[in-house]
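This report concerns only the one structure given below.
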Amino acid sequence: MSEKTHHDDKLPIRMLHDRVLVRQDTTEGERRSGGGILIPATAAVGRRLAWAEVVAVGQNVRAVEAGDRVLFDPEDRAEVEVRGTAYVLMRERDLHAVAADRFEGSEDSTGLYL
């Protein structure tokens, strides 16, 4: 098993190839703007990307690893339920960004932050 392949004992599945399994953040309700204005969950917004936590990756995934927070388009997703928990399954190329926490202070840091 390679270092990039993550096997979570709680999950009875293993990702293949370039697949990434994520658990979407549950911030699907009301939210506040930067100025403190309450935005109801029913408010229409344009195409909004969503954050999720990577829980498993296939052996050919190169840019993310389990535990990373990633940004993806929730419109382009395939949901799967494993042991009562909903996950989103996607290809690595469908991810838009990785949160920079893991890269801070590393020699190969890009200097870009989300």
Side-chain angles (χ1 to χ4, degrees):
M1 188 178 273
S2 89
E3 293 176 17
K4 293 180 183 175
T5 303
H6 174 73
H7 176 68
D8 189 347
D9 292 332
K10 295 184 277 184
L11 293 176
I13 59 176
R14 180 173 52 99
M15 295 295 97
L16 299 175
H17 311 295
D18 65 340
R19 300 304 195 272
V20 178
L21 188 70
V22 300
R23 181 175 36 241
Q24 189 171 359
D25 292 351
T26 56
T27 57
E28 298 264 342
E30 296 177 338
R31 55 189 193 280
R32 291 200 177 269
S33 70
I37 297 171
L38 184 65
I39 302 169
T42 57
V45 293
R47 188 170 171 184
R48 184 177 181 90
L49 299 177
W51 287 102
E53 177 187 357
V54 176
V55 294
V57 298
Q59 68 269 18
N60 295 335
V61 173
R62 297 180 292 163
V64 298
E65 56 189 47
D68 283 348
R69 285 184 39 85
V70 294
L71 194 61
F72 72 101
D73 184 355
E75 304 268 331
D76 301 328
R77 66 180 181 185
E79 291 187 17
V80 62
E81 188 173 313
V82 178
R83 294 188 176 167
T85 303
Y87 297 97
V88 178
L89 178 64
M90 64 188 69
R91 291 179 180 262
E92 181 182 24
R93 69 179 179 216
D94 295 332
L95 299 174
H96 292 276
V98 179
D101 294 342
R102 179 165 54 100
F103 302 110
E104 288 181 23
S106 68
E107 293 178 17
D108 60 343
S109 176
T110 61
L112 300 175
Y113 300 94
L114 296 177

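Because the structure is a prediction, the values reported are computed rather than measured.
- Considering all non-hydrogen atoms of both residues, Asp18 and Asn60 come closest at N-CB, 4.2 Å.
- Every residue two or more places apart in sequence or in another chain that forms a side-chain contact (heavy atoms from CB on, under 4.5 Å) with Leu95 is listed here: Val20, Val64, Val70, Phe72, Met90.
- Closest approach of Val61 to Arg19, counting heavy atoms only: CG2-O, 3.5 Å.
- Among residues two or more places apart in sequence or in another chain, the side chain to side chain donor-acceptor pair (under 3.5 Å) test is passed with Asp94 by none.
- In plain terms, the two heavy atoms of Pro74 and Leu49 that are nearest each other are CD-CA, 4.0 Å.
- With rounding to the nearest 0.5 angstrom, the NE2 atom of His96 is 7.0 Å from the CG atom of Leu71.
- Note: Tyr87 OH to Glu79 CD = 13.0 Å, rounded to the nearest 0.5 Å.
- Going from atom CD of Gln24 over to atom CD of Glu53 covers 12.5 Å, rounded to the nearest 0.5 Å.
- A heavy-atom distance below 4.5 Å is not found between the side chains of Val98 and Val54.
- Partner of Leu21 under the side-chain contact (heavy atoms from CB on, under 4.5 Å) criterion, chosen from Val88, Val57, Ile13: Ile13.
- Between atom NE2 of residue His17 and atom CD of residue Glu92 there is a gap of 14.0 Å, rounded to the nearest 0.5 Å.
- Residue Ala86 comes nearest to Arg23 through the heavy atom pair O-CG, 4.4 Å, listed as atom of the first residue, atom of the second, then distance.
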